[in-house]
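Numbers restart at 1 for each chain; the letters A, B, ... are given by sequence-line order, proteins then strands.
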Amino acid sequence: MINGQVLKPEKKPLTKLMIKQRYLILMVLPFVIWAVIFKYLPLWGWVMAFQDYKPRAGMGLLDYPFVGLKHFIALFQDPMFYDVMRNTLGMSFLQLFIGFPLPIIFAIMLNEVKNIRYKKFIQTSTYLPHFVSWVIVAGIFSTLLSGDGVVNELLLFLGIIKEPVSFLAIPKWFWGICTSAEVWKELGWNSIIFLAAITGIDPTLYEAAKVDGASRLQSIRHITLPGITNTILVILVLDIGWMISIGFEKQYLLGNSLVQDYAKVLDLYILDYGIKLGRYSFGTAIGIFKSVVSIILLYGANKLAKRWRGQTVI
Amino acid sequence: MLFRKEPRRKIRLKTRVMDGLIMLILLLIVIVTIYPFLNVLAISLNDANDTIKGGIHIFPRVFTLRNYEEVFKDPILITAFINSVVRTVLGAGLGVISTMMVAYVLSRRDFFARKAVATLFAITMYISGGMIPEFLLIKELGMINSFSVYIVPGILGVYYIYIVRSFIDGLPSALQEAACIDGANDLQIFMRVILPLCKPVMATIGLYYAVSHWNSWFDTYLFNSSNPNLTTLQYELMKVLNNSNTAAAGHMLKMKQHAQTVRSVSPQSMRMAITIVATVPILAVYPFVQKYFVRGMTLGAVKD
C-alpha cells in the first residue's frame, strides 16, 4: 500500500494525473478491454433469450424478432427440465451434506496428529488428486468400479456381493458415485482452509482448557469448533451460492447412456439443446435462469449468515 | 473446574486409543487416495495381454514399456502432448504477468480509476453471460479452430487478482516509497520492487494457471475438435475414456476385450499409459510449489 504523503499527488487536473500515471494505465487498460469483450459482451447476448435467434450474415443482434418470454415458457413446460433440476439439486444437496462437512472433520483429525512428518505425508498425498483433471479422475473411477475392478474384488472377497456389479450402469447409484468422486478429489484440498483457521486459534486457550481438565473431545467441541465457525460459514455461504452451478464435467465424463436420466444436469442440458441442436435462444434462457437462481441463493445465504452471526460473509 | 476430571491413567489410555484411531483413519484415507494412482501406474507398466487376466494391484506382473512406446508412436498423441505443453507454459506465463499487472495497479490507492476498475472486475465474479453467449462470441471473433482460444478468453482469473492484491497490500510500503523518492517511475517500481517481492504468490498462481491449462479439455471439445492439429492431451484421453465407457455400459466390454487379445496393446493399457503421461508433468512441479500454495489459498479467503 502506498502511503498518502509520498505518492498521493496534490489536487491536480485529471489529464495531468493521467499523464503521471501513464504506466499504470498502460498496465491495466488491455485487461479492462479484455474484460469488456469477454465478460460483459456475453451479458449483452442475454437479449437472445427474448428473441428467435438464428445466426445469419449481416444481422445485428437487435434485428431479430422479439418473442417475449416464449423460451422461458417453453423451458418451464419441458418435462426434461424438471428431471434436470432434480439431478442438479440432488447432487448438490449430497455434496452439501456429505462433501462439505468431511473436509472439516478431516482438518480437525489432521490437527490432532502431533507427528509433523506423518502430518506432512498425509497432507501431500491427499492434496494430489486436486491437481489431476476430471478426465483422469473419471478414468480412475470407471476402472475401480468396473466389473473386474478392485471395488468388486473387495466386495466379493468380503462376501457382501455374490456377483460383480457394474456400478456405473446403475442409474440410482450415479449421484452417489459422483459425490464420492468429488470427495475423493477435493477432500484434502478443501481441508486446507479449515486447517489454516485451526492454526490461527490462540494456543493458550487449549492450555487453559487442559488445566481445567477438559478432554480432547471437549477441547475440540468448545475451542476448535467455535474458533473456525466463521470460516465454516464463509465456505458454506459460497457453496450454497454455487449449488446450481455444479458444473458438468464429472457428470459428463462419468455418465453413459444407461444412467442418462440421473446424470443430466443444467449445464449438460444447455450443451445438448443450446449448442448441439443450435437452439441458441433456448440455451441462453436456461443460462439466465441459472444465473438468476444462483444470485438469489448467494444473496439468501448471505442474509442467513448475517442473521446467525450478525455479519455478512461477502 | 469447568470439566469433570477423570483419573489420570484412564485419560492416558483414552488418549492413546484415540491417537491410534485417528492415525488409522487417516492412513486409510491416504491408501484410498494413493492406491488408484499406483494401480494405474502398475497397469500401464504391465503387459496388455496379461492385464486382461486381472489381479494387477500396485506392482506390474509382466513388466513392459510397450504401452508407452505405443503412446509415443501415435502422431496424434504427440501433437496433443506438444499442444498441451505449449498452452500450459504460455497460458501460465501470460496469466501470471497479467494478473500481477492488474493486481499492482489495483493495489495503488492513488490510481485515479481504482474504484471503477476494481468494480468492473469484481462484478464478473458474480455474473457471467453463460455458455451460449460466450460460445457465440468466440465464434463471432473467429477464434474457432485456432490456438488463441486456449489463451485469450481465459487469460486471467479474476479471483487471482484478489489473491495477489492482498499479498501486495501486505508488503511493507516503505520499499515502494523509497523507490519513489529515488525517482523510480511506476513501471520501474513494478519491475524492480513488486515483482521480486511477489515470488511466492507468483509461484502459487502460476501453479493454479498451469494446472487449469494442463487439465482443460472442454475448450478443445467445443471449439477445436475438428482440427486434429490443435488437439490436447486431456481431450484425447477423454475420447479414449468415452469409447471405453460406452463399451463398459453393456456387456460389450468382455467381448471387446476378447477381440483385443490378439493385439498386444489393449485400449485399457494404452489408456493407463496416457493417464500417466497426462498426470506426471503436473505432479512433478507440485512438490516445489507446495510450500507456497497453502499460503496463497488462505490469503484468498481474507475478506476484502
Once rounded to the nearest 0.5 Å, what's the spacing between atom [atom1] of [X] and atom [atom2] of [Y]?
X         : Y         : atom1 : atom2 : value
Tyr280(A) : Lys139(B) : OH    : NZ    : 3.5 Å
Phe131(A) : Leu207(B) : CZ    : CG    : 5.0 Å
Met143(B) : Phe38(A)  : CE    : CZ    : 4.5 Å
Asp148(A) : Ile52(B)  : CG    : CD1   : 9.5 Å
Leu24(A)  : Ile189(B) : CG    : CD1   : 8.5 Å
Leu21(B)  : Glu112(A) : CG    : CD    : 12.0 Å

Let's test your reading of the structure: which of [options] forms the most heavy-atom pairs below 4.5 Å with chain A?
options                                    : result
Ile25(B), Ile282(B), Asn185(B)             : Asn185(B)
Leu106(B), Leu156(B), Val152(B), Leu141(B) : Leu156(B)
Gly130(B), Ala113(B), Pro36(B)             : Pro36(B)
Phe121(B), Phe218(B), Trp214(B)            : Phe218(B)
Ile43(B), Val117(B), Ile155(B)             : Ile155(B)
Val40(B), Ile127(B), Asn39(B)              : Ile127(B)

Polar side-chain atom of [X] near backbone of [Y] as donor-acceptor pair, under 3.5 Å:
X         : Y         : value
Tyr118(A) : Met23(B)  : yes
Trp184(A) : Val32(B)  : yes
Gln21(A)  : Asp186(B) : no

Identify the heavy atoms of [X] and [Y] that sit nearest to each other, and give their distance.
X         : Y         : result
Pro133(B) : Trp46(A)  : CG-CD1, 4.3 Å
Leu241(B) : Leu253(A) : CD2-O, 4.1 Å
Ser128(B) : Ser291(A) : O-OG, 3.5 Å
Gly283(A) : Ile132(B) : C-CG1, 3.7 Å
Leu120(B) : Val32(A)  : CD2-CG1, 3.9 Å
Tyr40(A)  : Thr119(B) : OH-O, 4.3 Å

Heavy-atom distance under 4.5 Å to chain A: side chain of [X], backbone, both or neither?
X         : result
Tyr235(B) : neither
Met125(B) : neither
Leu237(B) : both
Leu187(B) : both

Chain B: which of [options] shares the most heavy-atom pairs with it under 4.5 Å?
options                                    : value
Leu128(A), Leu144(A), Val113(A), Thr126(A) : Leu128(A)
Thr143(A), Ile288(A), Leu41(A), Asn115(A)  : Thr143(A)
Gly45(A), Gly287(A), Gly139(A), Gly274(A)  : Gly139(A)
Pro129(A), Ser125(A), Gly149(A), Ala35(A)  : Ser125(A)
Phe141(A), Phe121(A), Phe106(A)            : Phe106(A)
Lys114(A), Met18(A), Arg22(A), Lys185(A)   : Met18(A)

More than 12 heavy atoms of other residues, nucleotides or ligands under 6.0 Å from CH2 of Trp34(A): is that the case?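 Enclosed.
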Do other residues, nucleotides or ligands put more than 12 heavy atoms under 6.0 Å from Gln260(A) CD? yes
Quick one: what part of [X] sits under 4.5 Å from any heavy atom of chain B, side chain, backbone, both or neither?
X         : result
Ile275(A) : both
Lys276(A) : side chain
Leu110(A) : both

Would you mind reporting whether [Y] and [X] have side-chain heavy atoms less than 4.5 Å apart?
X         : Y         : result
Asn215(B) : Trp134(A) : no
Val132(A) : Phe37(B)  : yes
Ser142(A) : Arg271(B) : yes
Met131(B) : Ile286(A) : no
Met48(A)  : Leu136(B) : yes
Phe112(B) : Ile25(A)  : yes
Met101(B) : Leu26(A)  : no
Glu153(A) : His57(B)  : yes

Using the ring centroid of each side chain, check whether Tyr252(A) and Tyr221(B) are separated by less than 6.0 Å.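 So the answer is yes for these two rings.
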Between Arg216(A) and Asp19(B) (salt bridge meaning N to carboxylate O under 4.0 Å), is one present in this structure?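 Result for this pair is yes, salt bridge flagged.
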Does the side chain of Trp217(B) pick up a donor-acceptor pair with the side chain of Glu249(A) at under 3.5 Å? yes
Under the criterion side chain to side chain contact (heavy atoms under 4.5 Å, CB included), I'd like the reasoning laid out for Lys39(A) against Ile123(B): C-alpha separation, chi angles, the key distance, then a yes or no. CA-CA 9 Å; Lys39(A) 301 284 173 183; Ile123(B) 289 173; over 6 Å; no
Going through the checks in order, is the side chain to side chain contact (heavy atoms under 4.5 Å, CB included) test met by Ile136(A) and Thr279(B)? CA-CA 8 Å; Ile136(A) 288 173; Thr279(B) 315; 3.3 Å; yes
Side chain to side chain contact (heavy atoms under 4.5 Å, CB included) assessment of Val211(B) paired with His130(A): CA-CA 9 Å; Val211(B) 169; His130(A) 170 79; 5.8 Å; no
